[in-house]
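Along the sequence shown, the residues carry numbers beginning at 1. Given the structure is predicted, the values throughout are model-derived calculations rather than measurements.
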Amino acid sequence: MQSFEIDKSDVLKVKNAILAGDETLKMVLEEYHASEIAILFERLDKSEQRHIINLLPAEIASEIISEMDEESHPEELLFELHPDKRTEIVEELDYDDATDIISQLEDHEQKEILEDLTEDHASEIRNLLTYDEKTAGGLMNTELICVNINLTKKDAIDEIIRQSEEMEEFYTIYVVDDEEAFKGIVSLKDIIKAKHNAKITELVKIDAVYVHPNTDQEEVANLISQYNLTSIPVIDENQKLLGRVTFDDVIDVMEAESTEDILKISGVSEDEELSGNWVEAVKSRLPWLIINLGTAFLASSVVRYFDPTIKLIPSLAAYMTIIAGMGGNAATQALAVTVRRISLYDLTDKQAYRTVLKEFTVGLINGAANGLIVFIFAFFFDGNPMLGLVIFLAMTGNLIIAGITGAGIPLILKRVGIDPAIASSIIITTFTDVFGFLLILGLASKLLL
């Protein structure tokens, strides 16, 4: 099966079905999975979305809303529904999904929705709303299956059957003691295969990986990926089991973190929505461009300083752009690799040193290789071997600087507690431009004049 992509014919089919009447619309919607309808919602207006949600049973409607992209604002759609329909949908949602959606609303809107829920549902969601949305507490679902460590195989199976009646799916069975303290995990397979008189205490894996509610979501994702887990328990400082974070939530986290890093490296605020309008884009990008303009003045001041050299050797102007451009590209490559490495691993001092050393070596080799190409070009095109030597040295030097700054700057920013993706690109662009111009013009002033 291929992944679903928005097609004009699908959108037109749904829109025509809305006009044709509810029976026709129901028949058309049956052709699509809930996640596909959520994608189609990106091309439908709010009134059409409400019409479809009101027509479908709460079980399917809740799945559609939970699958909607954050930038489509499912919280607005949910709040605009009739209170009865809204309540049905929220109570069908998993607690973590309901919390994610409701958290995007204003306080008075949250209160209005929660007051219509049953006390149990409202209490669970209010508790989850207290956690930062980018932590394990903000990701976790409090619905889970746990058994007492002292239960026998038969009693444990009975307890699992009882608890699973209220859950759509579960991956891991958590084990607690009489004080509700987390003791480990056990698989359903091990319970079924165990002898009839076996106890959970004999089957439990006590070295299970867990996180605390304030653990950053990226760390949670890394742990689930590293240990190939389907879910990870969340426990408090007293070892009490609070909930679980499942792999499907982590997939969303990894996508969001990757998008955030890409936007930051590109000098775009993470607050800019990918589907937002031009006004939001301008507000997000203009401050970074103004900062970049300031650094560009610094590079231009180097060029102004060597203005007499450029007047005497006009061909330098053409080669300057090559040196600066190649340096910027090389630095961006080193930056992207280093930022990704930082996001995946907690680098030690030795690993950080090796990272910088590696990029220095790569810069040296790539700089020499590209410098040699430009040297040959300058030798034959300009007929000036000394000019070629200047360009060779400048190219090699600037790509070494690009490698060192591309790897070193994000590591330094990380060390001092600043997100390395935020300011790295502007800083390294300044370095490669300034030193690129300084190298070629400075060497030309010494060797050619």
With no hydrogens and no angle check, just 3.5 Å: does a side-chain donor-acceptor pair link Arg341 and Thr355?
yes
Surrounding OH of Tyr95 (heavy atoms of other residues, nucleotides or ligands, distance under 6.0 Å), is the total greater than 12?
yes
Evaluate the criterion side chain to side chain contact (heavy atoms under 4.5 Å, CB included) for residue pair Ile365 and Phe360; output intermediate values, then yes/no.
CA-CA 9 Å; Ile365 296 171; Phe360 167 84; over 6 Å; no
Determine whether a donor-acceptor pair (N or O, by modelled atom type, separation under 3.5 Å) exists between the side chain of Gln49 and the backbone of Leu77.
no
With heavy-atom distances below 4.5 Å as the criterion, would you say the side chains of Leu117 and Val90 are in contact?
yes
Not counting sequence neighbours, which residues clear side chain to side chain contact (heavy atoms under 4.5 Å, CB included) with Asp349? List them please.
Arg415
Between His212 and Ile235, is there a donor-acceptor pair closer than 3.5 Å when you use the side chain of the first and the backbone of the second?
yes
If I take atom OG from residue Ser62 and atom CG from residue Asp94, how far apart are they, to the nearest 0.5 angstrom?
8.5 Å
If I take atom NE2 from residue His108 and atom CG from residue Leu105, how far apart are they, to the nearest 0.5 angstrom?
8.5 Å
Keeping the roles fixed (side chain from Lys153, backbone from Ala194), state whether a donor-acceptor pair exists under 3.5 Å.
yes
Is the side chain of Thr338 donor-acceptor paired with the backbone N or O of Leu335 at a distance under 3.5 Å, no angle test?
no
Check this for me: Ile206, atom CD1, are more than 12 non-hydrogen atoms of other residues, nucleotides or ligands nearer than 6.0 Å?
no
Considering non-hydrogen atoms only, spot the tightest contact between Asp116 and Pro83 and give its length.
OD2-CB, 3.9 Å
Decide whether Asn148 and Asp178 meet the rule of one side-chain donor and one side-chain acceptor closer than 3.5 Å.
yes
For residues Ile149 and Val176, determine if any side-chain heavy atom of one lies less than 4.5 Å from a side-chain heavy atom of the other.
no
Quick one: does Phe41's side chain get under 4.5 Å of Asp69's, heavy atoms only?
no
Side-chain contact test, heavy atoms from C-beta onward, threshold under 4.5 Å: evaluate it for His82 versus Glu88 and give yes or no.
no
Any luck finding a side-chain donor-acceptor pair between Gln110 and Glu106 under 3.5 Å?
no
Can a donor-acceptor pair be found, under 3.5 Å and without considering hydrogens, that links the side chain of Arg86 to the backbone of Phe79?
yes
Side chains of Tyr174 and Ser231: do they bring a donor and an acceptor to under 3.5 Å?
yes
Of all the heavy-atom pairs spanning Ala334 and Ala407, show the shortest one and how long it is.
CB-N, 4.2 Å
Donor-acceptor contact below 3.5 Å, side chain Gln163 vs main chain Cys146:
yes
Euclidean distance, Ile404 CD1 relative to Phe435 CZ, rounded to 0.5 Å
10.0 Å
For the residue pair Glu42 / Ser72, report whether a side-chain donor-acceptor contact shorter than 3.5 Å exists.
no
Quick one: do the Asp45 and Ser47 side chains pair a donor with an acceptor below 3.5 Å?
yes
Any donor-acceptor N or O pair under 3.5 Å, side chains Tyr32, Asp10
yes
Would you please test Lys199 and Glu202 for salt bridge (charged side-chain N to carboxylate O under 4.0 Å, His left out) and show each step?
CA-CA 6 Å; Lys199 287 190 173 184; Glu202 302 167 12; over 6 Å; no
Measuring from Leu188:CG to Ser164:OG, what's the distance to the nearest 0.5 Å?
9.0 Å
Looking at every non-hydrogen atom in both residues, tell me the closest pair between Phe437 and Ala324 and how far apart they are.
CE2-CB, 3.8 Å
Minimum side-chain heavy-atom gap Val245-Val234 below 4.5 Å:
yes
Measure the shortest side-chain to side-chain distance between Leu44 and Ile52 over non-hydrogen atoms and say whether it is less than 4.5 angstrom.
yes
Taking the side chain as C-beta and beyond, is there a heavy-atom pair between Ile342 and Pro410 under 4.5 Å?
yes
Looking just at side-chain N and O atoms, do Asn238 and Asp236 make a donor-acceptor pair shorter than 3.5 Å?
no
Going by distance alone, is a donor N or O of one side chain under 3.5 Å from an acceptor N or O of the other, for Glu133 and Gln104?
yes
Is the shortest side-chain N to carboxylate O distance from Arg162 to Asp158 below 4.0 Å?
no
Any heavy-atom pair between the side chains of Ile185 and Val204 that's under 4.5 Å?
no
Look at Lys134 together with Asp216 and state whether they make a salt bridge at an N to O cut-off of under 4.0 Å.
no
Main-chain N/O of Leu151 paired with Asp155 side-chain donor or acceptor, under 3.5 Å
no
Donor-acceptor pair between Thr332 and Asn329 side chains, under 3.5 angstrom
no
When rounded to the nearest 0.5 Å, the distance separating CG of Leu55 from CD1 of Ile53 is 10.0 Å
Of all heavy-atom pairs linking Asn398 and Gly436, the shortest is OD1-N, 3.4 Å
Please report the C-alpha distance between Ile160 and Val147 in whole Å, then the side-chain angles of each, then the deciding distance to 0.1 Å, and finally whether the side chain to side chain contact (heavy atoms under 4.5 Å, CB included) criterion is met.
CA-CA 7 Å; Ile160 292 168; Val147 296; 4.0 Å; yes
How long is the gap from CG on Leu139 to CZ on Arg244, to the nearest 0.5 Å?
13.0 Å
Kindly determine whether Asn222 and Gln226 satisfy side chain to side chain contact (heavy atoms under 4.5 Å, CB included), including the steps that lead there.
CA-CA 6 Å; Asn222 290 339; Gln226 180 179 347; 5.7 Å; no
Ion pair Glu80/Lys46, N-O distance below 4.0 Å:
no
What is the minimum heavy-atom distance between Leu78 and Ile89, and which atoms define it?
CD1-CG2, 4.0 Å
Quick one: does Glu36's side chain have a donor or acceptor within less than 3.5 Å of a partner on His33's backbone?
yes
I'd like to know if the side chain of Ser123 reaches the main chain of Asp120, judged simply by a donor and an acceptor atom lying under 3.5 Å from each other, with no hydrogens or angles considered.
no
What are the two closest heavy atoms between Leu242 and Pro213, and how far apart are they?
CD1-CG, 3.9 Å
Apply side chain to side chain contact (heavy atoms under 4.5 Å, CB included) to residues Leu81 and Asn54 and explain how you reach the verdict.
CA-CA 8 Å; Leu81 298 174; Asn54 283 319; 3.8 Å; yes
Okay, side chain of Asn370, backbone of Asn366: is any donor-acceptor separation there less than 3.5 Å?
yes
